[in-house]
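Accompanying notes for the structure given below.
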Amino acid sequence: MRGLLMWGVLGAGLLRLSTTAAAQSGALGRPARLHSVKLGMTPVAAGGFHISGERMWGPTSRNAWVVTPQLYYGPVSDFTSDLSEGPQDRVRGYGLEVQHRIYLGEQTAGVEGFYVAYGPSYQHFRLAFESRSWAPELAANGLTYYEYRLRPQTEVIDRYGMCAVVGTQAFLPRTPLFVDAFIGIGLRKASSRSTVNGPRYASGMSDYGHEGSYIPLGFRIGAAW
């Protein structure tokens with residue numbers, strides 16, 4: 001209940017800020033760039049590819065929608081938790097994040113400047129790894145025995161989250177290219193289904209199955225038009 005109240009107060013404050021920014025935007029000139037696409041660099045270390053599309057609400061608005069489809073594919077690295085007792089763990093997954101972004105100050109270049117943003121996210125992961133477990137096996141003599149050895153295992157994780165961030169987006173001189181850096185605070189809830197007992201991938205904030213509070217931070221590169 002305390003968490004819901006905190007997010008309610010935060011949401012009300014951000015909506016008030018959004019309304020103020022929209023009211024002030026009428027005096028500003030036409031933004032030079034209203035759309036952008038960008039690639040998140042931080043998730044690559046976890047086998048993730050996050051491509052964000054951003055669109056301003058209007059020619060003079062300081063508000064924007066940022067939609068980020070997510071794809072995960074590849075080996076699990078020590079950036080998360082490579083815990084396999086056999087060959088390297090592998091991850092496949094997908095997700096989606098939607099944020100309302102509010103640019104601050106009297107910038108007139110569209111998708112540029114300091115900002116605050118907030119929104120929900122969803123992620124689905126399927127981890128493949130090897131771990132020792134008991135299982136019945138048919139022996140050469142025709143009898144069934146339980147054996148304890150390395151076997152292929154899987155873990156499926158579904159995770160929901162909500163976060164709020166502050167950041168800045170700045171263009172390289174005389175180009176449509178820009179960099180976007182942010183940091184914030186968030187809350188995640190995860191559920192896990194595994195062929196072995198207990199969740200494996202929940203050792204830290206960068207892990208696939210982590211839940212609870214966390215610090216979202218990242219760095220993106222992109223282009224705008």
Side-chain angles (χ1 to χ4, degrees), residues 6-46 48-72 79 94-123 161-188 205-206 213-225:
M6 179 188 71
W7 283 109
V9 172
L10 178 61
L14 289 173
L15 287 174
R16 176 67 179 274
L17 180 62
S18 170
T19 303
T20 303
Q24 293 175 346
S25 66
L28 303 179
R30 180 182 179 85
R33 303 177 177 97
L34 302 180
H35 307 82
S36 72
V37 62
K38 43 202 161 185
L39 173 66
M41 306 306 295
T42 307
V44 174
F49 303 92
H50 294 193
I51 300 178
S52 301
E54 179 177 359
R55 183 181 185 280
M56 302 296 292
W57 287 13
T60 60
S61 177
R62 303 306 296 146
N63 298 268
W65 291 119
V66 182
V67 180
T68 306
Q70 305 171 1
L71 176 67
Y72 286 82
F79 179 77
Y94 56 85
L96 181 67
E97 182 178 57
V98 179
Q99 288 190 340
H100 173 204
R101 178 177 289 195
I102 308 165
Y103 286 93
L104 308 176
E106 295 187 355
Q107 301 287 342
T108 60
V111 290
E112 184 176 14
F114 289 96
Y115 64 81
V116 296
Y118 64 98
S121 63
Y122 167 75
Q123 294 173 309
M162 173 70 76
C163 73
V165 301
V166 295
T168 184
Q169 192 157 275
F171 283 88
L172 302 180
R174 295 180 296 280
T175 74
L177 305 179
F178 63 83
V179 294
D180 179 7
F182 62 88
I183 189 171
I185 186 170
L187 188 65
R188 295 188 292 212
M205 285 193 299
S206 62
S213 60
Y214 74 105
I215 300 175
L217 57 88
F219 177 77
R220 303 179 179 123
I221 57 175
W225 65 94

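Not measured: the values here are computed from a predicted model.
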> Within the distance-only criterion (no hydrogens, no angle test), does the side chain of Arg188 pair as donor or acceptor with the backbone N or O of Met205 below 3.5 angstrom?
Replying inline: yes
Just distance, no hydrogens or angles: give the donor-acceptor pairs under 3.5 Å from side chains in residues 35-45, sequence neighbours left out.
residue	atom	partner	partner atom	Å
Ser36	OG	Glu54	OE1	3.4
Lys38	NZ	Glu54	OE1	2.6
Lys38	NZ	Gln169	OE1	2.9

>> I want to check something: taking the side chain as every heavy atom from C-beta on, are Val166 and Ile183 in contact at a cut-off of under 4.5 Å?
In response: yes
> What pairs with Glu97 under side chain to side chain donor-acceptor pair (under 3.5 Å), at least two apart in sequence or on another chain?
Replying inline: none
> Which pair of heavy atoms, one from Pro216 and one from Gly186, lies closest together, and at what distance?
Replying inline: CD-N, 3.8 Å
> Quick one: salt bridge (charged side-chain N to carboxylate O under 4.0 Å, His left out) pairs with a partner in residues 215-225, sequence neighbours left out?
Replying inline: Asp180-Arg220
> Would Leu217 and Phe219 satisfy side chain to side chain contact (heavy atoms under 4.5 Å, CB included), going step by step from the backbone distance to the final call?
Replying inline: CA-CA 7 Å; Leu217 57 88; Phe219 177 77; over 6 Å; no
> Of all heavy-atom pairs between Arg33 and Met56, which one has the smallest distance, and what is that distance?
Replying inline: O-CG, 4.2 Å
>> Going by the rule side chain to side chain donor-acceptor pair (under 3.5 Å), which residues pair with Ser121 if we only count those two or more places apart in sequence or in a different chain?
In response: none
> With sequence neighbours left out, what residues match Tyr214 under ring-ring contact (aromatic ring centres under 6.0 Å, His included)?
Replying inline: none
> Does the side chain to side chain contact (heavy atoms under 4.5 Å, CB included) test come out yes or no for Trp65 and His100, once each step is laid out?
Replying inline: CA-CA 5 Å; Trp65 291 119; His100 173 204; 3.8 Å; yes
> Do Tyr72 and His50 have ring centres separated by under 6.0 Å?
Replying inline: yes
>> Can you give me the closest heavy-atom contact between Leu34 and Gly58, atom names plus distance?
In response: CD2-O, 3.9 Å
> Does Arg101 make a cation-pi contact with Phe182, if we ask for NZ or CZ under 6.0 Å from the ring centre and within 45° of the axis?
Replying inline: no
>> For the OH atom of Tyr115 and the OG1 atom of Thr168, what is their distance to the nearest 0.5 Å?
In response: 7.5 Å
>> To the closest 0.5 Å, what do you measure between CG (Leu96) and OG1 (Thr68)?
In response: 7.5 Å
>> Which residues pass the side chain to side chain donor-acceptor pair (under 3.5 Å) test with Tyr94, not counting sequence neighbours?
In response: none
> Between CD1 of Ile215 and OG of Ser206, what distance do you get to the nearest 0.5 Å?
Replying inline: 12.0 Å
> Which is it for Glu112 and Phe171 under the side chain to side chain contact (heavy atoms under 4.5 Å, CB included) test, yes or no, and what are the steps along the way?
Replying inline: CA-CA 7 Å; Glu112 184 176 14; Phe171 283 88; 3.6 Å; yes
>> Quick one, Met162 with Leu187, criterion side chain to side chain contact (heavy atoms under 4.5 Å, CB included). Give me CA distance, side-chain angles, the key distance, then yes/no.
In response: CA-CA 6 Å; Met162 173 70 76; Leu187 188 65; 5.5 Å; no
